[in-house]
2 protein chains.
Amino acid sequence: MDLDTVRTFVVAADAGQFQEAAAELAVTQQAVSKRIAALERNLGVRLFTRTPRGAELTIDGQAFLPHARELLRVTERAVASVRTGHRPLRVDVIASRGAATGLMRGFHRAHPEIDLDVVMLFDIERAVAAIRSGAIDASFRAVAAPGRPLPEDIASVRVLDEPLQLLTGSAHVLAGARSVPLAQLAGHRIWMPGLTPGTEWTAYYDDLVAEFGLTIEATGPNFGSDALLDTIADTPALATFMGGQTRLVWPAGHGLRLIPVTDPTPVYPHSLLWHRDNPHPALAGLRAHLDATAAGDDAAGTWAPGWVLPR
Amino acid sequence: MDLDTVRTFVVAADAGQFQEAAAELAVTQQAVSKRIAALERNLGVRLFTRTPRGAELTIDGQAFLPHARELLRVTERAVASVRTGHRPLRVDVIASRGAATGLMRGFHRAHPEIDLDVVMLFDIERAVAAIRSGAIDASFRAVAAPGRPLPEDIASVRVLDEPLQLLTGSAHVLAGARSVPLAQLAGHRIWMPGLTPGTEWTAYYDDLVAEFGLTIEATGPNFGSDALLDTIADTPALATFMGGQTRLVWPAGHGLRLIPVTDPTPVYPHSLLWHRDNPHPALAGLRAHLDATAAGDDAAGTWAPGWVLPR
DNA sequence: CGTCACCACAACCACCGGTTGTATCCCTAG
DNA sequence: CTAGGGATACAACCGGTGGTTGTGGTGACG
C-alpha cells in the first residue's frame with residue numbers, strides 16, 4: 001500500500017469528487033481514478049459509489065476514512081521525528097527498564113502535547129558526543145566515566161537516586177526476608193546478564209563488587225527480561241539486582257520476591273545531561289518538570305560510587 | 001513514502017543486517033539496500049551505519065523506529081477495518097454531535113480492547129438495509145420511520161432518551177431563564193440548519209412543530225457547528241435546539257446559554273438496532289454495556305413522537 | 001433533448017524498483 | 001600473512017507500476 005494513494009483517498013473523500021481531488025493533488029482526474037481503483041482492488045472492497053455528480057463514500061469507505069487519516073497523521077509524526085530543525089525532543093535513556101523511562105513517561109503524562117522520542121545509546125561517551133553534535137537533546141546518564149569530568153558545555157543535574165533491590169525466586173534462601181543488609185549478599189550468586197564491558201552499568205557494578213566483596217556473574221547473553229525473570233524464578237540459588245522504580249509485570253504464580261537492600265542501600269544515581277546552548281523549547285519544560293517532581297532524596301544510608309556526578 | 005519500504009526498515013532494524021531482512025521479506029539483499037537508501041534519501045537522514053558485519057541504527061534511525069512500527073500497526077488496523085469476516089464492530093450513529101457518539105465513547109473507554117468503527121448513514125431505511133446486508137453491525141437510531149414497523153429480523157432496544165435544550169446567545173430574551181416551558185417557544189425563531197428532508201431528525205421536528213405550534217427554520221446549508229454557534233451567539237433573536245448530552249466546546253466570551261425545556265421536555269429517543277442473527281462477538285458486549293449503563297429514564301414530563309420505537 | 005460535469009477505459013510512455021553480476025571491505029581462521 | 005566468508009554498495013538490465021493524453025459513457029439540468 002502506498003501513502004500517496006491513502007492521501008488521495010482522504011482528499012477525494014473530503015472533496016466528494018475525484019476531479020477536485022485531482023486538482024488539489026496536482027494530477028489528472030484519471031490518475032486519481034486509477035489510484036482509488038487500485039486501493040479498492042488491494043483492499044477488496046468498494047470505497048466510493050461513483051455518480052455523475054461526484055463520488056461518495058460507501059459504508060466501507062466511511063469505516064476506512066478515519067484509519068486513513070490516522071495513517072497520514074502518524075506518517076507526518078514519523079517524518080517529523082527525523083526532521084532537522086524543529087523536531088521532537090530527543091532524549092537518551094540508559095535502559096528501557098530503568099527509572100529514566102519512568103521519568104519520561106511521567107513527563108509525557110504531564111505534557112502530552114510535547115512530542116518526544118527516546119533513544120538508547122551505548123555509553124556516556126557517545127551520549128556526550130551526541131549531545132554536543134545536536135543529535136540528541138538530553139540524556140539520562142547515571143555517572144561520569146571514571147576519571148573523566150564532563151566537558152564545559154555540558155550541564156547536568158541529578159534527578160533521581162534509584163535504590164537497587166534484590167530479585168529472587170520463592171525458593172531462594174532470602175525469599176522470606178523483609179530486607180537484607182548489603183554485606184550479607186557476599187557469597188550469594190548474583191546474575192546480571194547483559195552487562196556489557198565499557199558501559200557505566202558495568203563500571204557501577206564493578207565498584208559495588210570491589211567495595212562489598214560480592215560476586216556478580218555477567219555471563220551469558222541477555223535474552224530479554226522475560227527470560228531473566230523465568231530463570232530467577234526457577235533457580236533457588238540465583239538472584240539479581242533490579243531498580244526499585246521498575247514496574248514488573250510477570251505472570252501470576254511466578255512467585256518472585258523483590259527485597260530491599262540496606263546498610264547501605266546501593267542507589268543508582270540518574271542525572272540529566274544537556275548542552276548549555278541547546279535552544280529546544282521543550283528542554284526547559286523537561287527540566288522544570290524534573291525539578292518539580294524530584295523527590296527530596298535522602299542520601300543517608302545509601303551508597304554510590306565515588307565518581308558519580310555530584311548532586 | 002511506501003509502506004513496503006517502512007516495513008523493510010523495521011525488519012532490517014530488528015534483524016540488524018540487510019541480508020537476513022532480505023531473506024525474511026523474500027527479496028534480494030540488493031533490493032533491501034536500495035529500499036533503505038531510498039528511504040534515507042526521502043527523509044534526508046542516514047538511518048543505518050553500515051558495517052562489514054551488518055547494519056545498525058543511527059540515532060536518527062532509533063528515533064524513527066517506533067514511529068515506523070506505529071505506522072505498520074495503524075496500517076494493519078486500517079486494512080482490518082474493511083476486511084470481510086472478522087472486522088471491527090461497525091456501528092452507525094445518527095450524527096457526530098448526538099448522544100450516540102457519547103455512548104460509543106463510553107463503551108470504548110470501558111472496553112478499549114474492542115476495535116470499533118463508526119459510520120453515519122443517511123436515514124433509518126439505509127441503516128436497516130445495511131444491518132440486514134451485514135455492512136454494519138448495529139445502528140443508533142432514534143425512531144422507526146413513521147408508519148413502517150421494523151422488519152422481523154431486526155431487534156431493537158431503547159437505550160437513552162436525550163432531552164433537548166435551547167441554545168441561545170447572551171443577548172437573547174430568554175438568555176436569563178433557568179428553564180423555559182415548551183409552549184413558550186411559540187413565536188420565537190428557532191434555527192436548525194442542515195435538517196435534511198427524509199431523515200428521522202426532520203420527521204421528529206416536524207411533529208414537534210405540529211404539536212406545539214413552534215416555528216423552526218431549516219433554511220441554509222449546514223456550515224458546521226462552529227458556524228452555527230457563532231451565528232447563535234451573535235444573533236439575539238435566534239435560538240436552536242441541542243441535545244442535552246452534547247459536550248460543547250466553544251471559545252470563551254461567546255456567552256452561549258443552554259436552557260432546559262420543560263412542560264414537557266422534548267426528548268430524542270435513541271435505540272440500538274441490530275440483526276438478530278449477527279454473530280459478531282463484540283455486539284453482545286456492546287449490548288451488555290448499554291444495558292448496564294442505561295440510566296433509568298423517567299418518562300414522566302417528557303414528550304416524543306407517537307411513532308418512535310417503544311421502550 | 002442537447003449540454004454540462006464527472007468518471008471510466010484505452011493507449012502510450014517514462015521511470016521506479018526489482019533481479020543478476022560484481023567490487024569492496026573487514027573480520028577471522030589457518 | 002593470506003585466503004575465505006559474509007556483509008554492503010554499485011552497475012546494468014528489464015518488466016511492470018503509475019503517470020499522461022484522448023475518448024466514451026452516463027445521469028442531472030435547463
Side-chain angles (χ1 to χ4, degrees), chain A residues 1-58 60-62 64-65 68 71 75 122 196-198 221, chain B residues 1-58 60-61 64-65 68 75 122 196-198 221:
Chain A
M1 188 153 43
D2 181 14
L3 287 169
D4 273 339
T5 306
V6 175
R7 183 166 292 108
T8 304
F9 167 75
V10 171
V11 171
D14 288 343
Q17 57 180 43
F18 291 2
Q19 201 128 159
E20 191 180 325
E24 190 162 331
L25 296 167
V27 294
T28 60
Q29 165 265 318
Q30 289 88 333
V32 172
S33 179
K34 277 175 79 169
R35 283 185 188 176
I36 301 292
L39 184 60
E40 289 175 329
R41 185 158 30 82
N42 282 337
L43 294 174
V45 296
R46 197 148 252 269
L47 296 172
F48 287 97
T49 56
R50 279 76 163 173
T51 76
R53 277 202 320 221
E56 66 182 25
L57 289 172
T58 63
D60 281 316
Q62 281 191 48
F64 186 70
L65 181 57
L71 212 39
T75 301
F122 180 73
T196 320
Chain B
M1 188 155 40
D2 181 14
L3 288 169
D4 273 339
T5 306
V6 174
R7 184 166 291 108
T8 303
F9 167 75
V10 171
V11 172
D14 288 341
Q17 57 183 37
F18 291 3
Q19 197 120 207
E20 190 180 326
E24 190 163 330
L25 296 167
V27 294
T28 60
Q29 164 266 320
Q30 289 88 334
V32 171
S33 180
K34 277 175 79 168
R35 283 185 188 176
I36 301 292
L39 184 60
E40 289 176 328
R41 186 157 30 81
N42 281 338
L43 294 174
V45 297
R46 196 148 252 270
L47 297 172
F48 288 97
T49 56
R50 279 77 162 172
T51 76
R53 279 204 318 227
E56 65 182 26
L57 288 172
T58 62
D60 281 318
F64 186 70
L65 181 57
T75 303
F122 180 72
T196 322

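No hydrogens, no waters, no symmetry mates; every other heavy atom, side chains included, goes into these values. Order of the sequence lines fixes the chain letters, A, B, ..., with proteins taken first and strands second; residue numbering starts at 1 for each chain.
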Legend entry - Heavy atoms from other residues, nucleotides or ligands near CD of Glu40(A) exceed 12 (cutoff 6.0 Å): yes

Inset, instruction - Kindly give the heavy-atom pair with the smallest separation between Ala13(A) and Phe48(A), and that separation in Å. - result: N-CZ, 3.7 Å

Inset, instruction - Would you indicate which nucleotide in dT20(D), dA8(C), dT22(C) comes nearest to any side-chain atom of Gln30(B)? - result: dT22(C)

Legend entry - Candidate nucleotides dT26(D), dG6(D), dG18(C), ranked by approach to the side chain of Pro52(B) - the nearest: dG6(D)

Legend entry - Shortest side-chain distance from Phe18(A), nucleotide among dC27(C), dA9(D), dC7(C): dC7(C)

Legend entry - Residue whose closest nucleotide on DNA chain D lies nearer the 5' end, Ala38(A) versus Gln29(B): Gln29(B)

Legend entry - Side chain of Thr28(A) (C-beta onward), nearest among dC27(C), dT20(D), dC7(C): dT20(D)

Inset, instruction - Classify the nucleic acid contact of Val27(A) as base, sugar-phosphate or nothing, counting any heavy atom under 4.0 Å across all strands shown. - result: sugar-phosphate

Inset, instruction - Can you figure out which of dT26(D), dG6(D), dT20(D) approaches the side chain of Lys34(A) most closely? - result: dT20(D)

Legend entry - Thr49(A) side chain to Glu56(A) backbone, donor-acceptor under 3.5 Å: yes

Legend entry - Thr8(B) side chain vs Arg35(B) backbone, donor-acceptor pair below 3.5 Å: no

Inset, instruction - Select one nucleotide: of dT8(D), dG18(C), dA8(C), the one nearest the side-chain heavy atoms of Gln17(B). - result: dT8(D)

